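The next block holds one structure in the form of structure tokens; read it before the comments.
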Number of protein chains: 2
Amino acid sequence: MSMATDSTPHANRRITLADIAAGCDVSRATVSLVLRDSPLVNKLTRARVEQELRRQGYVYNRAAANLRRRTSSSIALVLNDLANPFFAEFAAGVDEALGGAGYVTLLGSTGESVAREQAVLGSLLEHDPAGIILSPAEGSVAARVLATVGMRTPLLLFNRELAGEAPPDAPWDRLMLDNQRGARLATEHLISLGQQRIAFFGGHQSSSSCQQRHAGYVEAMQAAGLPIEPHWRIECAPNRVDAAAQCGALFFDTPAPTAAVCYNDAVALGLMLGLYQRGVRPGRDFAVTGFDDIAEAALSAPPLTTLAATPRARGRQAAELLLLRLRDPQAKPQRTVAPVQLVVRASSCPPPAA
Amino acid sequence: MSMATDSTPHANRRITLADIAAGCDVSRATVSLVLRDSPLVNKLTRARVEQELRRQGYVYNRAAANLRRRTSSSIALVLNDLANPFFAEFAAGVDEALGGAGYVTLLGSTGESVAREQAVLGSLLEHDPAGIILSPAEGSVAARVLATVGMRTPLLLFNRELAGEAPPDAPWDRLMLDNQRGARLATEHLISLGQQRIAFFGGHQSSSSCQQRHAGYVEAMQAAGLPIEPHWRIECAPNRVDAAAQCGALFFDTPAPTAAVCYNDAVALGLMLGLYQRGVRPGRDFAVTGFDDIAEAALSAPPLTTLAATPRARGRQAAELLLLRLRDPQAKPQRTVAPVQLVVRASSCPPPAA
DNA sequence: AGCGGAATTTGGATCGTTCCAAGTCGAAAA
DNA sequence: TTTTCGACTTGGAACGATCCAAATTCCGCT
């Protein structure tokens, strides 16, 4: 009874352990041991199996393995705005570190919508990630997040706090920027240049990061004994367009400021645009600082003094922190504050000689 | 015999179908039918099961389901440079479209390294993605990619061609930008402003997109009967820093150009920086065009004339194309060329009056 | 009461891997 | 020769879902 053994298996069927086992006449268990470099298998057997693996073009099925081992090898990364270069760099950093540790990144972007955030989290959870890194959408609420994420999956919060009370028993770690100190550094820098009438420009009071930055500004002003006028605090959406539009508000009232600490770089760039339009030259007639040090900051005219948050390094750090948590699920929740660094460029200047 | 039924299951065990089934006294099969909205189950039973699902906080295990059904619900997205806003936007578009179709995005970024690309592809494949979207690293070779990806998993190539012959039987679709036409449009635009000595600046000869853009430039120059000097072609890495550094090379030799068609926006922005540093004002003394229309292009000083590639829409399109392929694995490979649109801004100007 | 058929429900096999307890085998020890 | 031991190897039961064929229940009708 002859039999044409089809040694080239049908092109569109997944090759499994059983195929390899059959192909070199050992058991599935042995092949599995080979795959995992177990010292148990005999050298010769190992060689035979390895050759067969190559011959058939075997691809490991991690999902099946994870199912059996009750483990996971993925981490979910949920971002409020992937299109923002700051978060894109962050994502690159996360992926870099996770990849190095053998994890795969499940991506989800929410476009700053709380509803999508819910949906995305739910969908990613079905893939059983070992952990989650979340930069929440504006207005995302702790209780809702807890309800969908549950308590089985460690969560690392990046960049923003959630609204409402953090559930006391949820082991959520956080990685935040040192907003207050950053804004204080910027303000102190302007003061050291001789500035006295300094405004705080942009952002919304409701945002935790804006509150913190404003607090840093106030701290520096008070430490220097400088007065703060109420009309030196201008709110606007954290983007260029709105910032440019609100520029005029700085000069409605006297005494007008001669410098502004801006909520972030986008706002600062918008403000500079607005200043140009009213004939005020930023970096000469009016000093401006930003926050983030996005790539454009170095290339604007004039280049922007700002605070570097090194998003790629933050991404790596976020990944590290989460991996740490996975190693020790019982450790108590950590709150990490990443330092920011003042980068002095030409947009900050002394006040015009009176 | 009393028995404390622990109705709140141990916090750290995954809830499975069996738990739900036991909890409301039906079989696993029935619960499964409920989960999948089968019309077979009785209304009352369904209600009972659904309540139990909520009560126990059940989370679907898609990996297990995929294993049994021999399906996959993820797509791998492998990018050569996530930190580039162009690709970040692209990724956002991909994720948006995939999420809408019920797929999850497995992210991998290669940092423009062929070795990492291999590693990342290998690792992602173990997670059995339904398909792959790949924007290859510079120098990535078709044969190597085929060897690791195999023929089971559909691949969509974005943005760049692979080096070497595409394997004839691999059903790889492509989505490319209309590089040649784009560069031609930019060049024609400069010519229509009266420019005659136009350089082609940036990128590497080895990259397919760079070749195509250069070809478009040559095409326009020749059509206008304008000469091209060899020293008007300056190579540099496609980033700002290197572009700024190479700026001087434009003026080593005579006749010096009075305009440059740049490989992309990053290069164009870097070039403008370099020009400023040598006292040449882009948009007045020297015309510059870019490619991509990244967000910064509209906001640089002067705003950059460039070609809009609408990366977010490209991302959605890439996802659509791949989904189409999944629906019909046999269809013959498609090559799609996405149009680009000339956006005229202030960086392009007539040559200075001689 | 008994029957046929629709409506529901269900046990068990299965997806591709890992774990585990138990097996084989050859050589050294008794 | 038998026993023992270390070095390998292996069958079968998991993991958590789905599929399928068969079983059960429920009804209306003779």
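Quick caveat: nothing in here was measured; it's all calculated off a predicted structure. All chains are named by letter (A, B, ...) in the order of the sequence lines, taking the proteins before the strands, and each is independently numbered beginning at 1.
- Of the inter-residue distances, the one linking B:Ser109 atom OG with B:Asn80 atom CG reads 9.0 Å to the nearest 0.5 angstrom.
- Under 4.0 Å is where a charged nitrogen must lie from a carboxylate oxygen, and between A:Arg46 and A:Asp37 at least one such pair does.
- Between A:Asp25 and A:Arg48 there is no salt bridge, since no side-chain nitrogen of the basic residue lies less than 4.0 Å from a carboxylate oxygen of the acidic one.
- Residues of residues 23-36 of chain A having a heavy atom closer than 4.0 Å to DNA chain C, listed by number: A:Arg28, A:Ala29, A:Ser32, A:Arg36.
- Rounded to 10 degrees, the angle separating the terminal axes of the helix from C:dA1-D:dT30 to C:dA30-D:dT1 is 70°, with each axis obtained from five end pairs.
- Rounded to a whole Å, the CZ atom of A:Arg62 is 17 Å from the C1' atom of D:dC15.
- Look at A:Arg160 and A:Glu112 and you find a salt bridge, because one of the NZ, NE, NH1 or NH2 atoms lies within 4.0 Å of a carboxylate O, short of that distance.
- A 4.0 Å heavy-atom criterion places the boundary nucleotides of DNA chain C facing chain B at C:dT8 to C:dG16, written 5' to 3'.
- In terms of phosphate contacts, B:Arg70 brings no side-chain nitrogen or oxygen within less than 4.0 Å of OP1 or OP2 of D:dT18.
- One finds no salt bridge joining B:Glu50 and B:Arg55 here, because no Lys/Arg side-chain nitrogen approaches an Asp/Glu carboxylate oxygen to under 4.0 Å.
- A salt bridge links A:Glu96 with A:Arg312; the closest basic N to acidic carboxylate O contact falls under 4.0 Å.
- Dense packing is recorded around CZ of B:Arg116, with more than 12 heavy atoms of other residues, nucleotides or ligands lying under 6.0 Å away.
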